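Working notes, structure below.
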Amino acid sequence: MEIADLRAELDAVADPAKAPQMAAYMKGHFEYLGVSAGDRRIVSKPILQAAKTLDRTALLDQVEALWSEPEREFHYVGMDAIRAGAKHLLPEDLPRVRALILQTPWWDTVDSLAVHTVGTMVTKHRELVHEMDDWIESEELWIARTAILHQLMYKERTDTNRLFTYCEMQMEHTDFFMRKAIGWALRQYARTDADAVVAFVEKHDDALSGLSKREALKHLR
């Protein structure tokens, strides 16, 4: 599907009256057409189906083209498409994924890229863990956040040492999104090993922010 065709279909199901409240929810960072998530997924279904078998270079080209459109709904389609085709990506594609993370970054796209694209890539290509070791030290908030969140769905496959080390490295960060990410990553891992998370939080009680601790222990106390 061409971008122009996708725009026509999105316009057809858009409710422009909803666009301002959608933009307000994202703190006014992005333009919106006013398309609901359900309608967007119906319209973009052919793109998502094709992404599962599309050549990886063509997939990335398409996603980058979607990201270049001004309205956030196009970014969401690109986010869903790269998630659908993430298993085809190779280590040399990581810089292009990194660029997507930093292009109009906010939690709504970054977290999906972290968990479902970068996370998938690291699972398939274990040498990329060393890239994550670099990313956690990045001065770019969203890159470091991605490093913390990329193992979110790993469960028993989680590299516990890296998870806790990454949290230690960033636990004194003052930004809300970093503190939230630490708590979220710990909370998710607590579903696999609650004792380890509780022990980590207790060990670092003075250094972890209140937000990180509340999120980490949310379902345990």
Side-chain angles (χ1 to χ4, degrees), residues 48 50-67 75-171 173 175 177-193 196-197 200 212 216:
L48 306 187
K52 295 177 182 179
T53 57
L54 201 62
D55 169 82
R56 45 179 265 277
T57 301
L59 171 64
L60 287 165
D61 289 345
Q62 182 181 62
V63 171
E64 288 167 352
L66 289 163
W67 234 271
H75 307 170
Y76 294 153
V77 174
M79 174 186 78
D80 292 341
I82 198 169
R83 173 179 179 173
K87 65 181 181 181
H88 301 304
L89 299 178
L90 298 179
E92 54 263 38
D93 298 320
L94 190 62
R96 295 180 73 175
V97 176
R98 187 182 190 279
L100 290 172
I101 292 169
L102 293 178
Q103 186 175 342
T104 61
W106 201 241
W107 64 265
D108 55 337
T109 55
V110 170
D111 292 357
S112 178
L113 290 169
V115 177
H116 301 297
T117 299
V118 176
T120 296
M121 294 177 72
V122 175
T123 294
K124 290 183 65 66
H125 308 285
R126 293 304 298 167
E127 64 270 29
L128 290 180
V129 297
H130 302 297
E131 294 293 331
M132 296 300 100
D133 292 343
D134 290 335
W135 284 25
I136 191 60
E137 297 189 82
S138 175
E139 294 184 0
E140 294 282 359
L141 167 69
W142 301 106
I143 296 301
R145 180 177 165 102
T146 294
I148 286 177
L149 294 180
H150 84 277
Q151 296 194 86
L152 200 71
M153 299 301 175
Y154 282 19
K155 299 180 180 179
E156 293 82 4
R157 295 181 292 109
T158 299
D159 183 332
T160 310
N161 181 61
R162 273 194 167 83
L163 171 64
F164 290 154
T165 297
Y166 288 3
C167 290
E168 286 177 352
M169 291 172 70
Q170 294 290 348
M171 64 186 174
H173 202 293
D175 189 273
F177 288 107
M178 183 60 72
R179 292 179 169 186
K180 184 81 169 182
I182 290 170
W184 186 18
L186 292 172
R187 184 178 79 227
Q188 191 70 12
Y189 186 61
R191 300 178 189 277
T192 298
D193 190 344
V197 171
F200 178 84
S212 295

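Numbers for residues simply follow the sequence, beginning at 1. Please read these numbers as outputs of a predicted model, since none were measured by experiment.
Panel note: side chain Ser138, backbone Ala144; no donor-acceptor pair is recorded below 3.5 Å. With hydrogens and angles disregarded, a donor-acceptor distance shorter than 3.5 Å links the side chain of His150 to the backbone of Ala147. Between the side chain of His116 and the backbone N or O of Met79, no donor-acceptor pair lies under 3.5 Å.
Under the side-chain hydrogen bond (donor to acceptor under 3.5 Å, both in side chains) criterion, Arg162 pairs with Asp133, Asp159, not counting sequence neighbours. The side-chain hydrogen bond (donor to acceptor under 3.5 Å, both in side chains) test applied to Glu168 returns His204, not counting sequence neighbours. Scored by the side-chain hydrogen bond (donor to acceptor under 3.5 Å, both in side chains) test, Tyr76 finds Tyr32, Asp108 as partners (sequence neighbours excluded). Listed by chain and number, the residues in a salt bridge (charged side-chain N to carboxylate O under 4.0 Å, His left out) with Arg98 amount to none (sequence neighbours excluded). With sequence neighbours excluded, the residues that form a ring-ring contact (aromatic ring centres under 6.0 Å, His included) with His75 are Trp67.
The shortest non-hydrogen separation linking Ala196 to Phe164 is O-CZ, 3.8 Å. Here the closest non-hydrogen pair linking Met121 and Leu90 is CE-O, 3.3 Å. Nearest heavy-atom pair, Leu113 versus Ile82, reported as atom, atom and distance to 0.1 Å: CD2-CG2, 3.7 Å. Closest non-hydrogen pair, Leu128 versus Pro91, comes out as CD2-CB, 3.9 Å. Residues Gln170 and Ile136 come closest through the heavy atom pair NE2-O, 2.6 Å. Residues His88 and Ala51 share a closest heavy-atom pair of CD2-O, 4.2 Å.
Identified under the salt bridge (Lys or Arg N to Asp or Glu O under 4.0 Å) test for residues 79-89, with sequence neighbours left out: Arg40-Asp80.
In this structure, CZ in Arg145 is found 10.0 Å from CD1 in Ile182, a value given to the nearest 0.5 Å. Taking CZ of Arg179 as the reference point, atom SG of Cys167 lies at 13.5 Å (rounded to 0.5 Å). Taking CE of Met171 as the start and CD1 of Ile148 as the end, the distance is 11.0 Å to the nearest 0.5 Å. Separating the CE atom in Met132 from the NE2 atom in His130 is a distance of 11.5 Å, to the nearest 0.5 Å. Summarising the geometry, atom CD1 belonging to Ile101 is positioned 3.5 Å from atom OG1 belonging to Thr146; distances are rounded to the nearest 0.5 Å. Atom OG1 in Thr57 sits 6.5 Å away from atom CZ in Arg96 (nearest 0.5 Å).
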Inset, instruction - Start with the C-alpha gap between His125 and Glu92, add the side-chain angles, then the distance that decides, and say whether side-chain contact (heavy atoms from CB on, under 4.5 Å) holds. - result: CA-CA 10 Å; His125 308 285; Glu92 54 263 38; over 6 Å; no
Inset, instruction - Could you walk me through whether Val118 and Trp135 pass side-chain contact (heavy atoms from CB on, under 4.5 Å), step by step? - result: CA-CA 12 Å; Val118 176; Trp135 284 25; 4.2 Å; yes
Legend entry - Verdict with supporting geometry, Val129 and Gln151, side-chain contact (heavy atoms from CB on, under 4.5 Å): CA-CA 10 Å; Val129 297; Gln151 296 194 86; over 6 Å; no
Inset, instruction - Decide yes or no on side-chain contact (heavy atoms from CB on, under 4.5 Å) for His173 and Leu141, but give the supporting numbers first. - result: CA-CA 10 Å; His173 202 293; Leu141 167 69; 4.2 Å; yes
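A 4.5 Å side-chain heavy-atom check between Thr160 and Asp193 finds every atom pair outside the cut-off. Considering only heavy atoms from C-beta on, Thr109 stays 4.5 Å or farther from Thr104 through its side chain. Considering only heavy atoms from C-beta on, Lys180 stays 4.5 Å or farther from Trp107 through its side chain. By the 4.5 Å heavy-atom criterion applied to side chains, Gln188 and Val197 are not counted as neighbours. By the 4.5 Å heavy-atom criterion applied to side chains, Thr120 and Leu89 are not counted as neighbours.
A distance of 6.0 Å or more separates the ring centres of Trp184 and Phe177.
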